[in-house]
Number of protein chains: 4
Amino acid sequence: MPASDSLPTTRADRRARSEQAILEATRAILAEGGVPGLTIEGVAARSGVAKTTIYRRWRDKDELALAAVWNDLASGLQAPRDVGDTRAELLAFIEPLVTILRSTLMSSVIRGLTSEIAQDRDLSHAYREQFIEPRLAQLALVIRRGVERGDLRPDTNVRLAHEFLVGPVFYRLLFSGQPLDEGLAPRVTDAVLRAFAAQ
Amino acid sequence: MPASDSLPTTRADRRARSEQAILEATRAILAEGGVPGLTIEGVAARSGVAKTTIYRRWRDKDELALAAVWNDLASGLQAPRDVGDTRAELLAFIEPLVTILRSTLMSSVIRGLTSEIAQDRDLSHAYREQFIEPRLAQLALVIRRGVERGDLRPDTNVRLAHEFLVGPVFYRLLFSGQPLDEGLAPRVTDAVLRAFAAQ
Amino acid sequence: MPASDSLPTTRADRRARSEQAILEATRAILAEGGVPGLTIEGVAARSGVAKTTIYRRWRDKDELALAAVWNDLASGLQAPRDVGDTRAELLAFIEPLVTILRSTLMSSVIRGLTSEIAQDRDLSHAYREQFIEPRLAQLALVIRRGVERGDLRPDTNVRLAHEFLVGPVFYRLLFSGQPLDEGLAPRVTDAVLRAFAAQ
Amino acid sequence: MPASDSLPTTRADRRARSEQAILEATRAILAEGGVPGLTIEGVAARSGVAKTTIYRRWRDKDELALAAVWNDLASGLQAPRDVGDTRAELLAFIEPLVTILRSTLMSSVIRGLTSEIAQDRDLSHAYREQFIEPRLAQLALVIRRGVERGDLRPDTNVRLAHEFLVGPVFYRLLFSGQPLDEGLAPRVTDAVLRAFAAQ
DNA sequence: GACTAAGCGAGACGGTACGTCGCGTCTTAAA
DNA sequence: TTTAAGACGCGACGTACCGTCTCGCTTAGTC
């Protein structure tokens, strides 16, 4: 801070620094009390930032919470590479999601935000645009390769397949309370393979 | 002496009458503004009942909202009868759920309560106990008959099958925004039949 | 008649017994939390009596509190006997009041009731009628004897003298927080004697 | 920083403006219904201020009520000037108190607050510190001059004299209901003069 | 090198709803 | 008839956060 010329502190720098402070504080609070424990006032106090600074960047606490976990969420879900094995690729598609949702932070954030995502027009739109659509695109490639290999029916519906892959995962997370254990991804994958097998 | 059909006003009567007034007001408010628009104060004002009377019966607005739709939810989901046709019975299991969730009231309530169900220990416990477990029991009968008929694999896992049936439905409701159209139930049913087909 | 040898329980008995239970509970609660801690609901719970039974006898918690300490208050303040010494008789008039108000129970009750006595028409009327007037009558006798003995001026105003005797005591109790110590009564007495001395 | 003298709506300004609105509303409500009629919610509604803003400044309605009349109370009770006449100065000490307490507003406020002042540690402390002690200091000067003039005994106890002057006034206000008429101050003054006369 | 304006911290404010307390009324059922 | 039991409408409480709105300070980039 005093370091005269060490940190040139452009406006963008200041912006970035307070943004980082906010997101870190948000993650810390989320880890402690989940979405219900998250308040803008709390984030402001913890990050040493003014409430207005937070409101300048995010509309409400839901957007903030999503932003706080966005990187981890997005970066953990990469497109499966072509490994010549449809089952392996489907597994590579769904396994990371299960793993991420097993983490306390991410699971509690998703649990807490689901109602908002399901209700808020803007938030749901953003969620689909930025999260679901890219995932569908990833899955479409896997399925196309599976069809070409003769593993999957040519008319396999990508959306439906996606719903079968992730539906059970979210259902466990949100409703049934069944564990997101290591057997889940393979079992889901196998069921999908059978459901959409060629012939 | 019971004055035939006047108003005998026993304690239970008063209790029941204000309970009805509360639940009706709750449904009306839910229909208008969904769970976010539901406030205890609003219900009290609309039902002509004191706030305390509401708090005497339900811990918070989530329990109240669930109670308000409970009857419709539970009564709409009956065990499929044995009709000698596994596909028809699976359809009879999942179709009513899709239909119910298509209604504005029920879908907005479920959307709004999901986060609470997923986060609140008591509420999630109650939800599983009173809602999921009975449904699993219903499905178990259908699957047993399917196995006996040679339609389903003997080792068909009821929980997994249930997750495959309802997971896509809730995923549409909460995240993808895809419509709960008439084709959904049959498509889900067929996929499950293939995924767990005998042989 | 049927009650064989147990308790004949006439209606008056029941009435008296619950009244005693109420007053005892009231005193206990007053001793613990003073007038602010006194609630009708608390008294009902503690005495095992229904709220309605309390309301049948006393209009509100102020009347109840006053009733609960009434006996002690009234019985402690007897008319000074003629002992041939005006100073001794004035002392015998004011000393017991100071002593009573030194007790934790009585002082906290008076502190807590003062505003009600000062504001409520009925309560203030009852207080004057049942408490102040008898005391004035007691003091009038003392003063008349003092005048006859030549100790006090013949035109000594009883009300004014009374105000001088008790005013400082209540002022300490309510406002100044000065102790109601043993020197207070004599000092007040002497001042009054001088203020109204003959000649 | 100096802000000259225009209308720059500084933070202090906003603070002062809402404070004035609150105190005015408080006085109006007190005038109408006394302390029992005073509610924070009522003050908020009448002053157009949020409840929280009131709670930010005063702990409860008693502090608020006291604050609302504080100026009138304090400004009305000035130290008697040296006029070379002890009786006149004692009268100048006690007369304004009687006059103030004759006003409907002030008398009803004091009646309503007395129990709180007598019971609440903080409030009673504040009352003594800010109100009684300054008055004792005023009276001490009067008495010192009276002693120097040979009107009062050299060992005249200021606290006791104060209690004799104000005790009767408050006793009338709170308990006896006797009027605070114009004769009261002179009679109290004369009695005190006799009680503490030199020789 | 001085000036402008962006961005920020600070924090007061109006507001909504919360969940709680105790009031005093009322009705029923038991003694 | 009196009581206990207890549900109820009601008013107010004090609290938690919300999102908005200045206000000055600090500083970066422009003239």
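The basis for the numbers below is simple: all heavy atoms, side chains too, and nothing from hydrogens, waters or symmetry mates.
One interatomic measurement links the two molecules: CG of B:L64 to P of E:dA17, which rounds to 15 Å at whole-angstrom precision. Going from atom OH of A:Y55 over to atom P of E:dG9 covers 15 Å, rounded to whole Å. F:dG9 atom P lies 15 Å from atom CD of B:E41, rounded to whole Å. Here the P atom of nucleotide E:dA31 and the CZ atom of C:R17 are 15 Å apart, to the nearest Å. If you take NZ of A:K61 and P of F:dG19, they are 9 Å apart, rounded to a whole angstrom. Between the CD atom of D:E63 and the P atom of F:dG14 there is a distance of 11 Å, given to the nearest Å. In this entry the distance linking CZ of D:R15 with P of E:dG14 reads 12 Å, nearest Å. Regarding C:E19, its CD atom lies at a distance of 15 Å from the C1' atom of F:dT3, rounded to whole Å.
For B:R59 and A:G48, each mapped to the nucleotide of DNA chain E holding its nearest heavy atom, the one lying further toward the 5' end belongs to A:G48. Comparing C:R57 and A:G42 by the nucleotide of DNA chain F that holds the closest heavy atom to each, the one mapping nearer the 5' end is C:R57. Of the two residues near DNA chain E, D:R56 and A:T52, the one whose nearest nucleotide lies more 5' is A:T52.
Distance from the side chain of A:V49 is smallest to E:dG9 among F:dG9, E:dG9, E:dG14. When distances are taken from the side chain of D:I40 to each of E:dC23, F:dG14, F:dA5, the shortest belongs to F:dG14. For C:A50, counting side-chain heavy atoms from C-beta on, the closest listed nucleotide (F:dA5, F:dT3, E:dA12) is F:dA5.
Within the 4.5 Å cutoff, no side-chain heavy atoms of D:I54 are placed close to those of D:K51.
In terms of polar N and O atoms assigned as donor or acceptor, the side chain of D:T39 never comes within less than 3.5 Å of the base of F:dC13 in a complementary pairing. Side chain A:T53 to base E:dG7: no donor-acceptor pair is found below 3.5 Å. The base of E:dG14 does not come close enough to the side chain of D:K51 for any donor and acceptor atom to sit less than 3.5 Å apart.
Contact record, C:D120 with C:D122: OD1-N, 2.9 Å, taken as the closest heavy-atom pair. Residues D:R27 and D:L105 come closest through the heavy atom pair O-CD1, 4.0 Å. The two residues D:V109 and D:A65 make their nearest non-hydrogen contact at CG1-O, 4.4 Å.
Note: D:I117 CD1 to D:Q119 CD = 11.0 Å, rounded to the nearest 0.5 Å.
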